[in-house]
Each structure stands twice: as C-alpha cells, then as structure tokens.
There are 2 protein chains.
Amino acid sequence: MTRATAAKDGPAGPRGGPGGRKAEPAQDQPPEAGSTRERILDVALDLFIEKGFDGTSLREIAEKLGFTKAALYYHYASKDDILMALHMRLHDVGRDGLKQLTDGPVSLATWESLVDTVLGQMLAQRKLYLMHERNQAALEKLHRKDHDAEHEDLQQRFRQMLADPAISLHDRVRMASSFGAVFSVLFMAGDAFEGTSTQELGELLRQTVHDILAP
Amino acid sequence: MTRATAAKDGPAGPRGGPGGRKAEPAQDQPPEAGSTRERILDVALDLFIEKGFDGTSLREIAEKLGFTKAALYYHYASKDDILMALHMRLHDVGRDGLKQLTDGPVSLATWESLVDTVLGQMLAQRKLYLMHERNQAALEKLHRKDHDAEHEDLQQRFRQMLADPAISLHDRVRMASSFGAVFSVLFMAGDAFEGTSTQELGELLRQTVHDILAP
DNA sequence: GTCTATATAGGGATAGAC
DNA sequence: GTCTATCCCTATATAGAC
C-alpha cells in the first residue's frame, strides 16, 4: 500500500528515549500525535488484528511504513515492546472506567453503569479492543515477563466480580451476559453492523444491557 | 510461510488418500479413541489454547507425549494438518446444528433454537470452541490455503444471518447479543463459573437467551 | 533516523536408521 | 512408530556506516 506520508516528520531528537538502548532515559513522556513512534503503533495495530501478533513480522510493519526492519529498533527495543505500547494505550483508556470501581459490593446497577462506560470506550477505541481480543495468548506471555506494573486489568477485575460469591449465580450470569452482548455485537459480528452509526448501535446496546440486567 | 520447495503433500503417516506409501489405515475411518493420532490432538488442543497455535512448537507437543518432534510427522504431514484435524473435530460437531438451518427466513424463534443447540455443543465441547476462539488468525490463514471444502462454517453462517437486511436492526442486535451472552459466560469469564454444573449453567443461559430475544 | 550487513536462534520439515 | 541428524528458512535483534 501507499505509505502515509504525513508531511511532518517529527522534530529531531529522540525525546523520551528511543527504546532500551544502552543507557537511555525512560520514555514516560506524552506521545506526540504524528510521530514515527505513534505511526508504528498504528500500523502494528492493524497488522496484529489482521494476522495476529505472531503472524506479523517486523519486516511487514516496516515495509508498510516505508523503511526497513532495522529502523524500528531505533524506536522500540523489541517486538514485545511494540505490543506493550499498544497495551498501554488501552490501559490509559481503561483507567477512567476503572475509577468507578470501588472496592465495595457490586450491584446490578453499578455493573450496568460500568458496562455502559466500557461500551463507550469500545465504540471509541474499537480496534484497540479488537487487537486485545485476538492476541490474548501473546499478551499473557508478555504479562508473565513483566510481572511488575499493577495488573489491574479490566478483564481481570471483571472476572473477579463475576466470581464474587456474595452475588447470586443468577445475577452473575446476567452480568457476564450483558457484557457478552456488547462484545458480540462489536467484535464478533464481522461487518454485520458496519453500516450502523455508532450512536444508534450504542443506544440499542445500552437498552439490551439494561434488559438483560433487569429483574 | 512454509517452504516453497519440494512436494507439498508429504505422504507421511497413516492417512489414506493418494500417495500414501505405507499400508496404513485410511483417514476417513472412525478415529480410534486412544490412538496416538488422537492423543496428539488432545495435547495440541490444550497447548493451542494455552499458548496459541503460533506460540506452540512441535517440539513442545512431542515432549508432552514422550517422543520427539520428528515422530509427529508420521501421523500428520504438517503442523497445519494438526490444526486442521482439530478444526474438523469441531466441524463434525457443528454439522448437526447446521442441519436445522434452512435457507428460508430467520425468525427470532428459529434463532433461539439455533443458539440453544450451539449452547449444548459448547457445553459438551468447551475446549474445542475455546481453541477456535483463541486462534482465529491461524484458522483464517488455514482457510485461505484450502479453499476447497465447503466453508459453511458456523461462524460464517451466523454472521450472514446477522447481516440479513430482511431483519430489523433491533432484532439483529438481539440475535448477536443472545449469542454473546452464551459466549461470554462460557469462554470469557475465566473460572468464575467453574464450580457450577453444566446443567444449571445451561438452564440459566437458556433463560437469558430467551429473555434477550423476547419482544 | 534510517540504512546495509550480519549474528544467532528456533522453527518446520525431511532422510534414513532402527 | 519412533529416533537421530540435518537442512533450510525466517525471524528477532545487533553493529556500525551514512
């Protein structure tokens, strides 16, 4: 395909630090929108969805960007690093949603509002969620290595709540089902709902979620 | 990609068919339960779920079985062949369910009975479905190569119906959601419902599905 | 920041002995 | 049916030039 020549190749200097070279500073800086670093992620995101993480080679990513494999290593220390960066994108998105998660008991009402929040995020960041869904094995492998960083994954928290013995089995099935409703429409239906506006789809799904959780 | 040289259909192993050089049992026979061929699939199934198809090496499979990588090639011509054999297991299971799929119009009632059928199959063949869910990229790649064999996949048929313009958007969302309910409880909830009997889970899910599709 | 060239590892697959 | 040994290829990753 044609390369996305965005005209503005970023300002000089690897601010924040190009992946783990010998002794580079950490890269916790805010990501600049059109930077090469970000463009790499955009391309990788598409390929990881289409061919899977393992099925995608660095050469493919580089070629789509118009340069060679080796150049990627200036921006990311490893292939895993690219996956991790994409994971962090989702992590940032999900942080807001997790804030409303108190440590207290979960009611069907709080669950509904949680699912509503996540639904909004999924509609806005569809590809990011899709990539995660289709590369769970690779992501788990990644997590095993970096067992630092608080693993308050959305997925993990969800599963915890679904296993909460304080909630009746009936309700837990409904909770899981309501999430599955959203998930299947957005990520498993192929292009069956492609022509539908996100707004309309969102409304229909919110209503569905509500009905599933209704007593 | 696999190598381009040499013959593609390596005549290895006890599969019948053209070119099988040894006098071995044909492949279209009923699979013998405890046979090495079946044990290979059992081990591969677990590993493909845990580490993904690409993340699993033939060496790993062989080691779990107590012999070496090369021995696998007596039973299967390639790694893809193993995946395909697992896919066929599911194909066989799904055939019954697809029988009730007429070419006529789909009502919510027929959809419900279809989901009920699939639910039963999923409860009985949980790992097989889970493997498919977690290796969609690899399976799609496989399908591209073998563009023979009628691909009336369950997934494909489902998506077709969900895109049917003769059905209202509202109903199609409900249809997808009902499937997602089943899916999420069985495959996305981790071990949250591990302690629950399949019967009880089945009943709760059938009721949920019914409620989602109810007018 | 990107290139060429290269090191290195691991995987799938084959040949032929037993 | 399984083994050892080997081939070939592709992939990640590194070194150093420009």
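Order of the sequence lines sets the chain letters (A, B, ...), proteins ahead of strands, with each chain counted from 1. Keep in mind that what you see is a predicted model, and the values were worked out from it rather than measured. Side chains are part of it too, since the values below use all heavy atoms of this structure and drop only hydrogens, waters and symmetry mates.
Of all nucleotides listed (dA13(D), dT2(C), dG1(D)), dA13(D) comes nearest to the side chain of Ser78(A). Nearest to the side-chain atoms of Ala71(A) among the listed nucleotides dC3(C), dT14(D), dA11(D) stands dC3(C). For His75(A), counting side-chain heavy atoms from C-beta on, the closest listed nucleotide (dG1(D), dG1(C), dT12(D)) is dG1(C).
Within the nucleic acid shown, Thr56(A) comes within 4.0 Å of sugar-phosphate atoms alone, with no base atom in reach, counting heavy atoms only. Here Gly66(B) lies in heavy-atom contact (under 4.0 Å) with sugar-phosphate atoms only. At the heavy-atom level, Thr68(A) lies under 4.0 Å from base atoms of the strands shown.
We find the OG1-CE distance between Thr110(B) and Met161(B) to be 8.0 Å, quoted to the nearest 0.5 Å.
Across the protein-nucleic acid pair, Tyr76(B) atom OH and dT2(D) atom C1' stand 16 Å apart, rounded to whole Å. One interatomic measurement links the two molecules: CZ of Arg59(B) to P of dC3(D), which rounds to 14 Å at whole-angstrom precision. Following rounding to the nearest Å, Met84(B) (CE) and dG12(C) (C1') show an atom-to-atom distance of 18 Å. The CG-C1' distance, from Leu65(B) to dC3(D), rounds to 15 Å in whole Å. Atom-to-atom, NZ of Lys51(B) to P of dG11(C) comes out at 10 Å; the value is rounded to the nearest Å. Rounded to an integer number of Å, the gap from OH of Tyr73(B) to P of dG16(C) is 17 Å. In this structure, Leu72(B) atom CG and dA15(C) atom P are separated by 17 Å, rounded to whole Å. Protein atom CG of Leu142(B) is 14 Å distant from nucleotide atom P of dG12(C), rounded to whole Å.
A donor-acceptor pair under 3.5 Å is formed between the side chain of Asn135(B) and the backbone N or O of Phe48(B). With hydrogens and angles disregarded, no donor-acceptor distance shorter than 3.5 Å links the side chain of Gln121(A) to the backbone of Gly94(A).
Remark: Tyr74(B) is in phosphate contact with dG1(D), judged by side-chain N or O atoms under 4.0 Å from OP1 or OP2.
Mapping Lys69(B) and Thr36(B) onto DNA chain D by nearest heavy atom places Thr36(B) closer to the 5' end of the strand. Each of Glu60(A) and Ala70(A) lies near DNA chain D, and the nucleotide nearest Glu60(A) is the one positioned closer to the 5' end.
Salt bridge annotation for Asp46(B)-Lys127(B): present, with a cationic side-chain nitrogen under 4.0 angstrom from a carboxylate oxygen. Contact check on Glu60(B) versus Lys64(B) returns no salt bridge, with no Lys/Arg side-chain nitrogen under 4.0 Å from an Asp/Glu carboxylate oxygen.
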